[in-house]
Amino acid sequence: ADPESEIYVPRGSRSNSKIKLYLERRGISDKVVEQCIDSGIIYESVYGEVVFLGFNEDGEVKYASCRSCDDSRNMRDCRGSKKAYSFRTGEGKSDTVHVFESAIDALSYATLLESEGKDWNRFDLLSLGGVAFGKQDGQVTMPKALKNYLDSNTNAKRIYLHLDNDEAGRTAARIINDGMGRKYEIRLLFPPMGKDYNEYLQLKIRKERENGERRKTERNSRETGRDR
């Protein structure tokens, strides 16, 4: 094998307990996490990191991104990773692709879909692995992950951009819209709250919990009043 084409991924841990706890803290649904583990697209490394994998058309690992499960927020792409095969869910045959900056944001959106009673497995959710843009012949090139997805999926008609609601995310959305807006229907779907979709998910969970506690308190107050 050509060493230049090899990808080096960390060995897996005997358990996935750390990444389950970490992703639960980030608001990701247990069912979403379990399905990702069962399908082999995420796992826990021997270093206690969560590893997000991407595959080529032959099912070979071509991309791996590691993220620490502590507060350090250390993130890295493994040596030999190819952004063109960045982390994604779905069969890659949908007429709509939902695009995110990170795998965590994609899984956050999967959790939101699940909470609405939708089967998130039927949606193509694609992580760009960041929003850096290159240049070729003086022209800005599209993110490799998105270009590869569109090249391999002739069914694609719509691109829904769920990028971060910050300067980098808005700039990336504008560049993609300008570059592909004539060929595809593009929607800019920034998170309704927070900077990104994971922050939005956590804020939404917190708000629902607070509303539930308030309703419980009001109900208890009414019952106490009736007892007097």
Side-chain angles (χ1 to χ4, degrees), residues 6-94 97-115 118-131 143-146 148-149 152 162-164 196-202 205:
E6 286 187 13
I7 180 171
Y8 295 87
V9 297
R11 286 187 297 113
S13 170
R14 292 180 180 178
S15 163
N16 286 298
S17 58
K18 284 184 180 177
I19 68 169
K20 286 180 180 179
L21 284 171
Y22 169 70
L23 294 171
E24 182 184 337
R25 287 202 312 271
R26 300 294 297 264
I28 313 295
S29 153
D30 291 345
K31 286 183 180 178
V32 169
V33 174
E34 288 288 356
Q35 286 181 44
C36 288
I37 291 172
D38 290 344
S39 60
I41 59 176
I42 71 171
Y43 72 93
E44 182 177 315
S45 77
V46 290
Y47 308 110
E49 305 163 306
V50 55
V51 184
F52 301 95
L53 299 177
F55 301 82
N56 67 7
E57 297 77 11
D58 298 322
E60 300 170 323
V61 176
K62 291 296 178 182
Y63 175 85
S65 174
C66 300
R67 189 180 189 118
S68 63
C69 291
D70 55 27
D71 295 330
S72 66
R73 295 180 65 84
N74 286 330
M75 294 171 277
R76 62 187 173 87
D77 285 353
C78 293
R79 183 156 53 100
S81 279
K82 292 179 170 56
K83 290 276 191 193
Y85 300 99
S86 189
F87 177 86
R88 69 173 173 84
T89 72
E91 296 183 357
K93 299 175 183 177
S94 175
V97 58
H98 298 259
V99 180
F100 305 84
E101 289 190 30
S102 72
I104 290 280
D105 288 337
L107 296 185
S108 298
Y109 191 72
T111 299
L112 290 165
L113 289 171
E114 184 189 73
S115 72
K118 297 174 182 175
D119 181 3
W120 65 274
N121 291 288
R122 301 182 61 148
F123 292 75
D124 282 1
L125 311 180
L126 173 70
S127 164
L128 298 179
V131 287
K144 291 179 180 178
L146 180 57
N148 183 56
Y149 173 90
S152 60
H162 305 264
L163 303 183
D164 292 5
D196 55 39
Y197 268 84
N198 182 249
E199 194 170 304
Y200 167 52
L201 173 63
Q202 293 189 59
I205 290 171

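Quick caveat: nothing in here was measured; it's all calculated off a predicted structure. Keep in mind that the numbers below use all heavy atoms, side chains included, and drop hydrogens, waters and symmetry copies.
S127 and S102 get closest at one heavy-atom pair: OG-C, 3.3 Å. L163 approaches V99 most closely through the heavy-atom pair CD2-O, 3.9 Å.
When only modelled atom types and interatomic distance are considered, Y47 and R11 share no side-chain donor-acceptor pair under 3.5 Å.
Applying the ring-ring contact (aromatic ring centres under 6.0 Å, His included) definition to pairs two or more places apart or across chains, those involving residues 50-87 are F52-F87.
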Kindly determine whether L128 and S86 satisfy side chain to side chain contact (heavy atoms under 4.5 Å, CB included), including the steps that lead there. CA-CA 6 Å; L128 298 179; S86 189; 5.9 Å; no

For the pair S108 and N198, evaluate side chain to side chain donor-acceptor pair (under 3.5 Å) and give the outcome as yes or no after the intermediate values. CA-CA 5 Å; S108 298; N198 182 249; 3.0 Å; yes

Pair E34-K20, salt bridge (Lys or Arg N to Asp or Glu O under 4.0 Å): steps then yes or no: CA-CA 8 Å; E34 288 288 356; K20 286 180 180 179; 2.9 Å; yes

Let's go through D124 and K93 carefully: what are the C-alpha distance in whole Å and the side-chain angles of both, what is the deciding distance for salt bridge (Lys or Arg N to Asp or Glu O under 4.0 Å) to 0.1 Å, and is it a yes or a no? CA-CA 8 Å; D124 282 1; K93 299 175 183 177; over 6 Å; no

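Under the side chain to side chain donor-acceptor pair (under 3.5 Å) criterion, E49 pairs with S45, R76, not counting sequence neighbours.
Applying the 6.0 Å contact sphere to CG of D71 captures no more than 12 heavy atoms from other residues, nucleotides or ligands.
If you take CG on L23 and NZ on K18, they are separated by 14.0 Å, rounding to the nearest 0.5 Å. Taken to the nearest 0.5 Å, the CG atom of D77 stands 11.5 Å off from the CZ atom of R67.
In this pair, F100 and H162 present their aromatic rings parallel. The plane angle is below 30°, not in the 30 to 60° band.
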